[in-house]
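Single-structure report; data block below.
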Protein chains: 2
Amino acid sequence: MEKNIDLTQQIVADFAEGYSNFGLNPLMGRIVGLLIISKDPQSLDDIVEKLEMSKGPISQICRRLKERGLIEKVWIPGDRKDYYQAADDIFGKAYANQINKMQDNIEIAEKYLSMAQSMDSEDAAFIKQQMKLMKSFYELMDEYNKKFVEAWEEKHKELTE
Amino acid sequence: MEKNIDLTQQIVADFAEGYSNFGLNPLMGRIVGLLIISKDPQSLDDIVEKLEMSKGPISQICRRLKERGLIEKVWIPGDRKDYYQAADDIFGKAYANQINKMQDNIEIAEKYLSMAQSMDSEDAAFIKQQMKLMKSFYELMDEYNKKFVEAWEEKHKELTE
DNA sequence: TTAAATATTTGAAAAGTTCCAAATGCTAAT
DNA sequence: ATTAGCATTTGGAACTTTTCAAATATTTAA
């Protein structure tokens, strides 16, 4: 199927750019893109072939993607190769990683808020005010993230059953 | 104020890391961190001094931060230097940029959905299904992003008036 | 237990990014 | 208009990240 090859190359490129835009290794995006549109699990060698890259980095990145819960190893009986496929609800899992990063900001705000508490000057008062704003912002964001995750769980069930 | 210098260096470092985690130039984070805790607008030379870096990259990054709406130029009468300060609701504005990036994903899903529509195979059917999921995910996310932005506008008013 | 198949790690090369110093370009005051 | 005080751009150096090829380690089947 000619079209399929072309589509694969395009989606792989788009995912690479998307991942890169969020500060992730573009190869992560390439592998995720490939696996998302692959009905059958893909071996390391399959990926090597389709992405036209050497095995080293692909092995590394697959390990990292598995750690993040974005892809899974699949056992294929009678075959000693590792096969990979996109995790169930891979988008939700990817976003969970983002949420974690955003939560770091709450802690940063709290850290400087308490530092400013123990100081006493006009500058310290200003810093306190700014850090309170920052803390409120990321706490509210976290609330809405949780609401979204809940809503998505619901919708995901609906769409996949 | 000794403590203040130390606090500045720390917050600058934390923001650099945070920005880097989201795929942005760490220098952006350093400058944003500095401006967020600075009550008074800072000239390019002030920033150069406090960040102990040369002027070239600071000029560049300030321009980019202004384009993104994260910092603003301030006019100080009788002084021909440019002064910068953190934008009002800088956190909200930073998140608006994130939201834009996430919206790209809706378009990507739509693109491959329509490509898969014009194909006809078991593989195409699978791709269609995956892209429908992707589209739903990012559409729902966008909905919740909008809800959050609204709620934050409300809260921000409350906190700053 | 061994050999074959596969995955992972490593060291070096290539590519990309960030930074500085110096040159250039603007702007505003005289 | 000219000049002084800035900001911006540019070219190349330093650093970081990514990639490959080769070596090593692991797993499985016989």
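Quick caveat: nothing in here was measured; it's all calculated off a predicted structure. Residue numbering restarts at 1 for every chain, and letters A, B, ... go by the order of the sequence lines.
Between the CG atom of B/L44 and the C1' atom of C/dT27 there is a distance of 15 Å, given to the nearest Å. Rounded to a whole Å, the CD1 atom of B/I76 is 13 Å from the P atom of D/dC6. Put simply, CG on B/D82 is 16 Å from P on D/dG5, counting in whole angstrom units.
Overall, the helix from C/dT1-D/dA30 to C/dT30-D/dA1 carries an axis bend of 20° between its ends, with five pairs at each end and the value rounded to 10°.
In the hydrophobic clustering, A/W75 connects to no other residue, as no ILVMFWY side-chain heavy atoms lie under 4.5 Å from its own. With side-chain heavy atoms closer than 4.5 Å counting as contact, directly or through intermediates, the hydrophobic cluster containing A/I76 also holds A/V74, A/Y83.
Evaluation of the salt bridge (Lys or Arg N to Asp or Glu O under 4.0 Å) test over residues 87-101 of chain A, restricted to residues two or more places apart or in two chains, returns none.
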- prompt: What is the per-nucleotide protein-contact pattern of nucleotides 10-30 of chain D, from the 5' end, where B denotes a base atom under 4.0 Å from a protein heavy atom, S denotes such proximity for sugar-phosphate atoms only, and - denotes neither?
  reply: B-------SSB-------BS-

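Residue B/E150 qualifies as open at atom CD: its count of foreign heavy atoms under 6.0 Å is 12 or below.
From A/S38, atom OG reaches atom CG of A/D46 across 8.5 Å, with rounding to the nearest 0.5 Å.
Every residue two or more places apart in sequence or in another chain that forms a side-chain hydrogen bond (donor to acceptor under 3.5 Å, both in side chains) with B/Y95 is listed here: B/N145.
In the hydrophobic clustering of ILVMFWY residues, with side-chain heavy atoms under 4.5 Å counting as a link, B/L133 and B/F126 come out apart.
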